[in-house]
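A quick write-up on the structure given underneath.
Everything numeric in this text was worked out from a predicted model, so none of it was measured. Convention: sequence-line order gives letters A, B, ...; per-chain numbering from 1.
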Amino acid sequence: MVLVFTEINKNRIKKSSLECVQYAAKIAALTGGNVTALVNQASAEHLEELGKAGANTILNMNISDLGSDHILSCAAVEHAVKHSSAKVIVFAFDIAGKAIAPRLSARLKAGLVAGATELPAVNGAAFEVKKNVFSGKANAIYSIHSEMKIIALLPNSFPVVLSENKALVQEFQPDLSAVKSRITIKETKTNATGGMAPLPEADLVVSAGRGMKGPENWGMIEELATSLGATTACSRPVADLHWRPHHEHVGQTGVAIRPNLYIAVGISGAIQHLAGVNGSKTIVVINNDKEAPFFKSADYGIIGDAFTIVPKLTEAIKKFKAHQN
Amino acid sequence: MKILVAISNVPDTTTKIQFSDNNTKFNAAGVTFIINPYDEWYALVRALELKEANLAEKVTLIHVGLPDGDATIRKGLALGADDAVRIDSEGPDSFYVAEQIAAYAKEKGYELILTGKETINYNGSSVAGMIAGILDLPLISLATKLDVAGVKITAEHDIDGGSRVVECDLPAVVSCAKGMAEQRIPNMRGIMAARTKPLEVVKPIDSAPLTSIKSFDLNPGRTSCKLLGEDQLDELVKLLHTEAKVI
């Protein structure tokens, strides 16, 4: 049995959660057994979507303050593990997964592979999972020795193909009365992201650096992003200079992303920046310095002035999109 | 209030990664090791700031590793930590490491345990959460701000699409990310003082790792960049559609 922890954000099942359900379904096909998805306060549409992603059973909880403290979420998962007799538990390697999966690993003495990028190889008792190490420069194959196993899947590593599958839905009320939340929320702040996909989930990202010379020049970056339906991002110096908000900073100390397409404008490509974006499927670099190290890590490059190229690229994309429709 | 800062000994960010023994071991030959940047810049420096503001009595470094990590520990002492302990074990996996740190913190009564948000070698973001799980303590994960007031801590941490200001009682575990503090450079006085600061070496407690690494492989990276001219943007869009298949 495989159990998946899933989350709803902005009234949608998170994309990373759907990836985990699909990933779990593929594991269940390898190991035998079914997939149970755990979710809190899901609507009929959410439940349908989890089913289409591959869940056989859904445990739908109704706990109003579950998201306030990882201790509560972890306890709820433990109850679901018992209820479903799960031997493999899947999380997304995202904000919640990074907090809950290690806690669960310690409590159940279940080996954890944090940041898996591929399906496990299962052969008898051997259970091996590949993950990124050395900040994307290498991969390692981990063996999990414990009977119970936890995998935290790196977002954007596993494609989701929805089917017509329907899941059996059960109301699930784990008894958490003995578990005390110990974290009090004083304030919640929301990033202003417009309608863009959140960076860790975005398929298309347009990012810009100090080469843009000042925050007043970001209009053309936003227009390029809009033409593609992409999310905007920036390099560390740009966030540190407060040209752009901190939540847009991608790189080793900021958000690590792996979109299908990463367009970097006026970013030299320091190793710390690459560590956060080198998992992107395709990288396009636009820079006026032909010696910029980023060209060595790019698939496509244009040497030239961003202020001329970016508006022209936006036009080219608009033309392409109009032609497609 | 005593703070325990867990530090990891990692290859410098710019290291060219290589493996040995038929790709089963990291090849450390000629590699410069440093304190894991998140442990140093954010966890350790914030701990030192709290001590300087008289909000903590003592800052202790803990490292699970072999004697070749002592130079890295001394660098942490040079930055201003009061003392250090090294648990004498290779630290085969994150659960094993977390068990060692948890046992030491409990025995010695540390009320605040800080780690970086992840290590730059294994990128697991796991040790802080495991320590919290072992000791049944609250965890503030990926914190970007941290303040102490008596027996309470206030912290800010990222959530999906925003951030949250939270409060909890000590003892607690906090994993530290960018925003919490600024990198410091050790001065000569700190470097001299570090030589005589206590570095205790402790035998590990009994524990069994739950995972092991079977093999490594290098990501090939990108081998050639297709360069296009400023007047070939339609061509670029076409390539992104037909060749890269990303739009």
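- With a threshold of 4.5 angstrom between heavy atoms, A/Ala152 does not approach chain B through any atom at all.
- Residue contact with chain A, scored on non-hydrogen atoms closer than 4.5 Å, involves the side chain of B/Pro11 exclusively.
- Neither the backbone nor the side chain of A/Glu201 comes within contact range of chain B, judged by heavy atoms closer than 4.5 Å.
- Interface residue A/Lys130: only side-chain heavy atoms are found under 4.5 Å from chain B.
- Proximity to chain B (any heavy atom under 4.5 Å) is restricted, for A/His70, to the side chain, taken from C-beta onward.
- Both the backbone and the side chain of A/Gln252 have a heavy atom closer than 4.5 Å to some heavy atom of chain B.
- If you look at A/His145 and A/Phe127, their ring centroids are not closer than 6.0 Å.
- A/Gly136 and B/Asn219 get closest at one heavy-atom pair: O-ND2, 2.8 Å.
- A donor-acceptor contact closer than 3.5 angstrom links the side chains of A/Tyr300 and B/Glu243.
- Residue contact with chain A, scored on non-hydrogen atoms closer than 4.5 Å, is absent for B/Lys238.
- The candidate with the highest count of non-hydrogen atom pairs below 4.5 Å against chain B, out of A/Thr190, A/Ile185, A/Leu261, is A/Ile185.
- Only the side chain of B/Phe95 comes within less than 4.5 Å of a heavy atom of chain A; its backbone N, CA, C and O stay farther away.
- Contact annotation for B/Leu236: only side-chain heavy atoms (C-beta onward) come within less than 4.5 Å of a heavy atom of chain A.
- Put simply, the side chain of B/Val166 does not reach to within 4.5 Å of the side chain of A/Lys186, judged on heavy atoms.
- No part of B/Ala177 comes within reach of chain A, as not one of its non-hydrogen atoms sits under 4.5 angstrom from that chain.
- With 3.5 Å as the limit, one finds a donor-acceptor pair spanning the side chains of B/Asp93 and B/Thr211.
- Contact annotation for A/Lys10: neither backbone nor side-chain heavy atoms come within less than 4.5 Å of a heavy atom of chain B.
- Contacts between B/Thr223 and chain A at a heavy-atom distance below 4.5 Å are absent for every atom of the residue.
- Using a 3.5 Å distance cut-off with no hydrogens or angles, the side chains of B/Thr24 and B/Asn22 do not pair a donor with an acceptor.
- For chain A, the nearby part of B/Leu137 is the backbone; its heavy atoms alone come within less than 4.5 Å.
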